[in-house]
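Before any comments, here is the structure.
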Amino acid sequence: KQEVTQIPAALSVPEGENLVLNCSFTDSAIYNLQWFRQDPGKGLTSLLLIQSSQREQTSGRLNASLDKSSGRSTLYIAASQPGDSATYLCTPWGNMLTFGGGTRLMVKP
Amino acid sequence: NAGVTQTPKFQVLKTGQSMTLQCAQDMNHNSMYWYRQDPGMGLRLIYYSASEGTTDKGEVPNGYNVSRLNKREFSLRLESAAPSQTSVYFCASSPLGGSSSYEQYFGPGTRLTVT
């Protein structure tokens with residue numbers, strides 16, 4: 001059974017910092033890996049999708065990398081802003097989409 | 001293009017009552033999913049439908065039934081609600097095939113409380 005661990009569980013930083021959110025998963029037989037953000041009381045918004053054959057994807061200030069063989073993915077957020085405050089979820093897709101506990105990010109003005 | 005919509009947004013049930021959560025997508029996706037989200041547990045898959053006419057159990061199917069009414073709609077039914085089913089329920093959909101296969105799109109959620 002796939003298990004997903006996200007570190008750190010919570011993070012509080014001042015505005016402007018560059019951030020690294022880490023994700024590890026136990027089963028490397030995945031089709032892709034998707035990063036979501038979830039705002040309190042809201043649904044999930046897809047940020048980036050990395051196919052299993054890809055090493056990274058970029059969207060604006062976000063960059064996600066995937067090392068499938070070692071079961072790791074990293075989400076890099078450049079020049080963080082208060083609007084980035086949310087929970088970030090890493091979800092590898094093997095037999096099904098498996099969610100980790102997420103990283104709760106707070107960016108202070 | 002509304003994406004994935006869910007009704008109702010909020011619901012309070014008494015133990016033993018039944019209800020159906022509705023989900024619809026307008027993206028012509030083949031696959032649809034139901035998840036529940038509980039504090040400290042993350043999201044867990046209840047049921048999914050890989051294509052119209054098929055449904056399969058996920059990680060936590062007990063106490064639930066689903067119907068894939070057509071390609072657009074996928075409903076989740078609680079026949080006899082229990083307090084353990086208090087949760088936030090999310091519906092999602094995804095296309096099949098192509099470079100964007102398996103990317104999932106989520107609805108806004110239904111907050112269900114069972115007393």
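Everything numeric in this text was worked out from a predicted model, so none of it was measured. Quick note on labels: first sequence line is chain A, next is B, and so on, each numbered from 1.
- The shortest distance between side-chain heavy atoms of A:Phe99 and B:Leu45 does not fall below 4.5 Å.
- With a 6.0 Å radius and a threshold of 12 heavy atoms from other residues, nucleotides or ligands, A:Glu3 has its CD atom at or below the threshold.
- At most 12 heavy atoms of other shown residues, nucleotides or ligands fall within 6.0 angstrom of atom CZ in A:Arg55.
- Here A:Gly43 is the residue among A:Ala9, A:Gly43, A:Gly100, A:Ser46 with the most heavy-atom pairs under 4.5 Å with chain B.
- Of all non-hydrogen atoms in A:Leu44 and B:Phe106, the two that sit nearest each other are O-CB, 3.7 Å.
- Both A:Leu11 and A:Trp35 are assigned to one and the same hydrophobic cluster, defined by single-linkage of ILVMFWY side chains at heavy-atom distances under 4.5 Å.
- Between A:Thr98 atom OG1 and B:Leu43 atom CG the span is 11.0 Å, to the nearest 0.5 Å.
- The heavy-atom pair separating A:Trp93 from B:Ser94 by the smallest distance is CH2-OG, 4.0 Å.
- Put simply, the side chain of B:Pro108 does not reach to within 4.5 Å of the side chain of A:Lys42, judged on heavy atoms.
- Enclosure of atom CE in B:Met27 by more than 12 non-hydrogen atoms of other residues, nucleotides or ligands within 6.0 angstrom is indicated.
- With a 6.0 Å radius and a threshold of 12 heavy atoms from other residues, nucleotides or ligands, A:Arg104 has its CZ atom at or below the threshold.
- Atoms CG and CZ, from A:Leu97 and B:Arg44 in turn, are 15.0 Å apart once rounded to the nearest 0.5 Å.
- Residue B:Arg111 touches chain A through its side chain alone, counting heavy-atom pairs closer than 4.5 Å.
- One hydrophobic cluster, built from ILVMFWY side chains closer than 4.5 Å, cannot hold both B:Phe90 and B:Val114; they sit in different ones.
- Proximity to chain B is limited to the side chain of A:Gln38, based on heavy atoms less than 4.5 angstrom apart.
- With a 4.5 angstrom heavy-atom cutoff, B:Tyr33 touches chain A only via side-chain atoms.
- In the hydrophobic clustering of ILVMFWY residues, with side-chain heavy atoms under 4.5 Å counting as a link, B:Trp34 and B:Val60 come out together.
- One distance of note links CD of B:Glu59 with CD of A:Gln2; it measures 11.5 Å at 0.5 Å rounding.
- A:Phe36 approaches B:Gln104 most closely through the heavy-atom pair CE2-O, 3.7 Å.
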